[in-house]
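Atoms within each ligand, like the ligands themselves, are counted from 1 in listed order.
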Amino acid sequence: MQIDDIRRLCVTGAGQMGAQIAVQAAMHGLEVALHDISEEQLERAVSENRKHLGRKVEKGSMTADELEATFARLTTTTDLEAACKGADFVIEAVVEKLEVKRKVFAELDRYTPDHAILATNSSYLGNSRIADATGRPKKVVNMHFFYPPLVMKLVEVVRGDSTSDETMDLTLALAERMGKVAVRVEKEMPGFLVNRILRALANEAYDLLENGVATFEDIDKACKLGLNHPMGPFMLGDFSGLDIGYNARLERYQETGDERFKPPEALELRVKRGDLGRKTGRGFYDYSTNPPTPTED
Ligand SMILES: NC(=O)c1ccc[n+]([C@@H]2O[C@H](COP(=O)([O-])OP(=O)(O)OC[C@H]3O[C@@H](n4cnc5c(N)ncnc54)[C@H](O)[C@@H]3O)[C@@H](O)[C@H]2O)c1
C-alpha cells in the first residue's frame with residue numbers, strides 16, 4: 001500500500017481524543033467513519049467540533065465551505081462493522097483498558113479489509129500487548145496524538161515487537177498528511193517519548209519542592225524563563241488535571257511499593273480537597289484571578 005491508497009479512515013472511540021482526530025483527518029481530505037458505542041458521544045463529537053471549526057471560520061483560518069466539506073466527509077455510526085467497511089486505516093481511541101482494546105482489535109481485524117493498518121492512540125499501552133488479538137500483528141502500531149488533537153502538532157509513531165517497516169512508514173506519512181509532525185519511536189517504552197520526559201521533569205520538580213529547595217511558583221518560573229517552557233510543571237499539572245497525575249503515581253506505588261512513586265504531599269492534599277486544577281478552578285493555582293495566584297498548602 002502507498003500513502004495515496006489511504007482514503008478511508010475509521011476512528012473508533014469518539015471521546016476527547018477520537019472525535020478531534022476524526023475531524024482533523026476529514027479536514028485534510030480523508031473520508032472518515034467515526035464510531036462509538038454511545039450515540040450521545042457521537043452527537044456531542046459533531047456538535048462540539050462544529051463549534052471548534054466555526055471559530056476557525058470566524059478567525060479566517062478556514063472558509064465556511066471548507067467547514068461544510070469537512071463534515072460532509074465525516075459519518076458517524078454505532079455499528080463497528082459498518083464503520084470498518086472499506087477502511088484502509090483505523091485509529092482506535094476507546095477507553096484506556098487493555099481488555100477492551102484487545103476485544104475491539106479482534107473485531108477490527110474481522111471487519112476491515114486485509115490491507116488495513118490498525119493503530120492505537122493509547123498513551124501507555126504498547127501495541128505489542130494488543131497486536132496478537134489480531135491476525136495481522138505486522139500491521140498494528142501506536143499512533144499517539146496529543147490533547148487537543150486539533151491543536152497539538154505532534155504524533156508519536158511507535159514500533160511494537162511485530163510492527164513492519166511498511167506500517168511504520170505509512171503511519172508516519174498519514175500523520176503528516178493529516179497536518180501533523182510525526183516522530184518515529186523505535187521501541188516500546190512506558191510513556192513513549194514525551195510523557196516519559198514529562199514524568200522525569202515533574203518528579204524532579206516535586207523532589208525540589210518536598211526538599212524545601214524552592215516554592216512551586218518559583219520552580220514554575222524557573223522552567224518558564226530558564227528552559228523557555230510555555231508553563232512550568234505545576235501549572236501544567238493543573239491543566240492536565242491533578243487527579244490524573246495523582247492516580248497514575250498511586251497505581252505505580254501500589255504496584256511496586258517503591259517510595260519514589262509515592263504521590264507527593266503537596267499533590268495529595270490538593271486532590272483530596274477536590275482542587276484538581278483548571279477544571280475545578282483551583283489546583284496549585286487559583287484561576288478565579290487573572291493572572292492565577294498560587295494557593296496555600
Ligand atoms: N485524553 C488525553 O489527553 C489523551 C492523550 C493521548 C492519548 N490518549 C488515549 O486516547 C484513548 C482515549 O482517551 P480519551 O481521553 O479520548 O477517552 P474518553 O473517555 O474521552 O473517550 C473514550 C470513548 O471510548 C468510547 N468507548 C468505550 N468503549 C468502546 C468500545 N468498545 N468501542 C467504541 N468506543 C468505545 C466511550 O464511549 C468514549 O466516547 C486512550 O487510549 C488514551 O490513553 C488520551
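- Considering backbone and side-chain atoms alike, Ser123 places an N or O below 3.5 Å from some N or O of ligand 1.
- Below 4.0 Å from some heavy atom of Lys101 lie the following atoms of ligand 1, by number and element: 40 (C), 41 (O).
- Remark: atom 17 (O) of ligand 1 lies closer than 4.0 Å to no protein heavy atom.
- By the 4.5 Å heavy-atom criterion applied to side chains, Arg270 and Thr295 are counted as neighbours.
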### Task
Go through the steps for Met1 and Ile6 under the test side-chain contact (heavy atoms from CB on, under 4.5 Å), then give the verdict.
CA-CA 8 Å; Met1 188 162 56; Ile6 300 179; 4.1 Å; yes
Anything under 3.5 Å between a donor and an acceptor, one on a side chain of residues 18-28, the other on a protein residue two or more places apart or in another chain? List them.
from: Gln20; atom 1: OE1; to: Leu150; atom 2: N; distance (Å): 2.9
from: Gln24; atom 1: NE2; to: Met178; atom 2: O; distance (Å): 2.6
from: His28; atom 1: ND1; to: Gln24; atom 2: O; distance (Å): 3.0
from: His28; atom 1: ND1; to: Met178; atom 2: O; distance (Å): 3.4

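- Contact annotation for Lys103 and ligand 1: no heavy atom of the residue comes within less than 4.0 Å of the ligand.
- When the heavy-atom distances from atom 38 (C) of ligand 1 to Ile21, Val100, Leu80, Asp36 are ranked, the shortest goes to Asp36.
- For atom 42 (C) of ligand 1, the closest non-hydrogen atom of the protein is Glu96 OE1, 3.6 Å.
- With ligand atoms numbered from 1 in the order given, ligand 1 contributes 6 (C), 7 (C) to contacts under 4.0 Å with heavy atoms of His144.
- For Ser123 against His144, the heavy-atom pair with the smallest separation is OG-NE2, 3.0 Å.
- Set against the non-hydrogen atoms of Val104, the atoms of ligand 1 under 4.0 Å away are 31 (N).
- Under 4.0 Å is where a charged nitrogen must lie from a carboxylate oxygen, and between Asp132 and Arg102 at least one such pair does.
- Looking at every heavy atom in both residues, Lys101 comes nearest to Glu96 through CE-OE1, 3.4 Å.
- Scanning all protein heavy atoms for the shortest distance to atom 10 (O) of ligand 1 gives Asn121 ND2, 3.0 Å.
- In terms of protein heavy atoms, atom 11 (C) of ligand 1 is closest to Val94 O, 3.4 Å.
- Only the side chain of Thr12 comes within contact range of ligand 1, with a heavy atom under 4.0 Å; no backbone atom does.
- Near Gly13, meaning under 4.0 Å from one of its heavy atoms, ligand 1 places the atoms 24 (O), 34 (N).
- Considering backbone and side-chain atoms together, His35 places no N or O closer than 3.5 Å to any N or O of ligand 1.
- Between Arg159 and Asp165 there is a salt bridge, since at least one side-chain N of the basic residue sits less than 4.0 Å from a carboxylate O of the acidic one.
- Proximity to Gly15 (heavy-atom distance under 4.0 Å) selects the following atoms of ligand 1: 16 (O), 20 (O), 21 (O), 23 (C), 39 (O).
- With atom 19 (O) of ligand 1 as the reference point, the heavy atom nearest to it among Leu125, Val95, Leu34, Ile37 is part of Val95.
- The pair Arg50-Glu68 counts as a salt bridge, with a side-chain nitrogen and a carboxylate oxygen less than 4.0 angstrom apart.
- Minimum interatomic distance between Gly13 and Leu34 (heavy atoms only, all atoms of both residues): O-CD1, 4.1 Å.
- Both the backbone and the side chain of Met17 come within contact range of ligand 1, each with a heavy atom under 4.0 Å.
- For the pair His35 and Leu42, the tightest heavy-atom approach, listed with the atom from each and the gap, is C-CD2, 4.0 Å.
- For Gln41 against Ala14, the heavy-atom pair with the smallest separation is NE2-O, 3.5 Å.
- Of all the listed residues (Tyr147, Phe145, Phe192, Phe146), Phe145 holds the heavy atom that lies closest to atom 6 (C) of ligand 1.
- Annotation for ligand 1: atoms under 4.0 Å from non-hydrogen atoms of Gln16 are 1 (N), 15 (O), 16 (O), 20 (O).
- Residues Leu198, Tyr206, Leu208, Leu209, Val213, Phe216, Ile219, Met231, Phe234, Met235, Leu236, Phe239, Tyr246, Leu250, Leu267, Val271, Leu276, Phe284, Tyr285, Tyr287 make up the rest of the hydrophobic cluster containing Leu242, defined by ILVMFWY side-chain heavy atoms closer than 4.5 Å, directly or through other members.
- When only interatomic distances are considered, the shortest N/O to N/O separation between Glu92 and ligand 1 does not fall below 3.5 Å.
- The residue Thr120 has no part lying near ligand 1, judged by heavy-atom distances below 4.0 Å.
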